[in-house]
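Please read the structure below before turning to the comments.
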Number of protein chains: 2
Amino acid sequence: MAGGWQDIRDEVLRRIQTRRWPPGSQIPNEAELAGEFGVARATVNRALQALAEDGWLERRRRAGTRVAAAPQRRARLAIPLIRQEIEAGGHAAAHRLLGTAPGPAPAAVTAALGLAADAEMIQVRTLWRADERPFAVEDRWVNLSGAPGFDSAPLDRISANEWLVRHAPFSHGTLEYAAETAEPELADLLGCAPGAPVLVLERHTFGPSAPVTFMRLSHAPGHSLKLEI
Amino acid sequence: MAGGWQDIRDEVLRRIQTRRWPPGSQIPNEAELAGEFGVARATVNRALQALAEDGWLERRRRAGTRVAAAPQRRARLAIPLIRQEIEAGGHAAAHRLLGTAPGPAPAAVTAALGLAADAEMIQVRTLWRADERPFAVEDRWVNLSGAPGFDSAPLDRISANEWLVRHAPFSHGTLEYAAETAEPELADLLGCAPGAPVLVLERHTFGPSAPVTFMRLSHAPGHSLKLEI
DNA sequence: AATTATTTGTGCGTATGTATC
DNA sequence: GGATACATACGCACAAATAAT
């Protein structure tokens, strides 16, 4: 007996994946499954809830539980610190502060964060390296009222990324990956040819009471986002 | 009160996000929280389990529950059918079969799928459109022994993508997003300039007993992968 | 349109197992 | 070994949603 409800989850998942319970079909109700597996109904409930949360099952009261018509798996994308991402690849991470600039952010940035155009912000530009090779250029705007104290962070010693994770409250945000081609200035920083394809991550971060930061991370060519599902 | 254990999850999450319980700190044990919230310990347990699964908490027996040092959020990336992705954007989805070709796949494909170089496979190439505008080109190799019956699928009427979701068992796979520049042939199909940046998704899919398919989806410029966290 | 029956959602209290300090 | 805290189970109860009557 290893897993309790997880065993039941796995067995149900097996029946879905092997099409013993094909997409769209209704599966036995909780009480029946509890009888079959010899467990309490609450145990079956816990297993089926987990599968529903992962998109395998659709459950409705009275109507019962059925296998999702197109069981779309949901990958879990862990969003690491840039440093961790580099180190997870087996490289030594280093960051170099390219510059900071207090002052107004571009209108597109303040608008997306829901801020007034004259909100007090700081721009920070950072070059990340993996084993001395350019890894990514980070362009960031930080909203001071959403990240109090950021203006006195020692950005030469701790990256803006890490300072914010450690000190700024965080509640939700958006992520967007897109492909772009490297402008000459970016290409120079990344050590690639102008026009090379770069994977760009844009991220908006909001705290419980105020927007925190907008970040644009332009990865060196060859970088990819890998997921297991 | 609406949510039961979800209310408790939300309140605990609020305390984490507002740094009342800062990263790395230990939170009260289940029994204490149950007392504070006036619920049974099992209810607290359900809430904390959910937060642990989302990466906010780290729980160890006897050691207690603490806030993750760097609470890295895990976004759930739902991988939809291409058709659904297009329609979710408010466009009409259409697919055109560019061609099929039985025969051996490139060595890189068979190797990544764990197949012998001479495995019986079929290549399918599809152009997807959103409101008549090119959306993506899908290059796919299907392993016949992992997807029995695929060779007689009516690919002019149902896309390979949809046929496989509906008929082939699957258990796990990999996803990889990368930026590339459009080759002339691809640019022609996508209606963009050669060298334009395209977001490419590569996907390996495995069934419970055999590899199923490898897919390479090259999106038209401007497409991005959006996530909420 | 109102009622009933079914199914899931969630809770409670309690008990036992198990990893870990 | 003992104590602690999480992991999970059981059985029961009731609420909420909703398909069927």
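Keep in mind that this is a model prediction, so the values were computed, not measured. Naming: A, B, ... by sequence-line order, numbering from 1 per chain.
Heavy-atom contacts from other residues, nucleotides or ligands closer than 6.0 Å to CD of Glu120(A) number 12 or fewer.
One can place CZ of Arg66(A) at 11 Å from P of dT8(C), the figure rounded to the nearest angstrom. At whole-Å resolution of the value, CD in Glu30(B) and P in dA19(C) are 17 Å apart. Atom CG of Leu33(A) is separated from atom P of dC10(D) by 13 Å (rounded to the nearest Å). Here the C1' atom of nucleotide dT8(D) and the CH2 atom of Trp5(A) are 10 Å apart, to the nearest Å. Rounded to whole Å, atom C1' of dA19(D) lies 15 Å from atom CG of Asn29(A). Asp7(B) places its CG atom 17 Å from the P atom of dG9(C), with the value rounded to the nearest Å. Going from atom CD1 of Ile27(A) over to atom P of dT8(C) covers 8 Å, rounded to whole Å. In this structure, CZ of Phe37(B) is placed 17 Å from C1' of dC12(C), rounded to the nearest angstrom.
In this structure, Arg9(A) contributes its side chain and Gln49(A) its backbone to no donor-acceptor pair below 3.5 Å. Here the side chain of Asp54(B) pairs no donor or acceptor atom with the backbone of Trp56(B) at under 3.5 angstrom. Using a distance-only test at 3.5 Å, with no hydrogens or angles considered, a donor-acceptor pair links the side chain of Thr213(B) to the main chain of Trp141(B).
Closest to the side chain of Arg62(A), out of dA17(D), dC12(C), dT8(C), is dA17(D). Listed candidates were dA13(D), dT20(C), dC6(D). Nearest to the side chain of Arg60(B) is dT20(C). Side-chain atoms of Arg61(B) lie closest to dT18(C) of the nucleotides dC12(C), dT18(C), dT10(C). Side-chain proximity of Arg41(A) to the nucleotides dC12(C), dT6(C), dA13(D) is greatest for dA13(D).
Residue Leu201(B) forms a side chain to side chain contact (heavy atoms under 4.5 Å, CB included) with just one option from His223(B), Glu176(B), His219(B), Glu138(B), and that option is His219(B). Checking each of Gln26(A), Arg59(A), Glu30(A) against Thr65(A) for a side-chain hydrogen bond (donor to acceptor under 3.5 Å, both in side chains) leaves exactly one that passes, namely Arg59(A).
Side-chain nitrogen and oxygen atoms of Gln6(B) include at least one within less than 4.0 Å of the OP1 or OP2 phosphate oxygen of dT10(C). Residue Thr65(A) places no side-chain N or O under 4.0 Å from the OP1 or OP2 atom of dT7(C). In this model, the phosphate group of dA7(D) is approached by a side-chain N or O of Arg59(B) to a distance below 4.0 Å at OP1 or OP2.
Between Arg66(A) and Glu58(A), no side-chain nitrogen of the basic residue sits less than 4.0 Å from a carboxylate oxygen of the acidic one, so the salt-bridge criterion is not met.
A residue-by-residue look at Ala63(A) and Ala40(A) shows that Ala40(A) has its nearest nucleotide of DNA chain D further toward the 5' end.
Of the residues in residues 45-57 of chain A, not one places a heavy atom less than 4.0 Å from an atom of DNA chain D.
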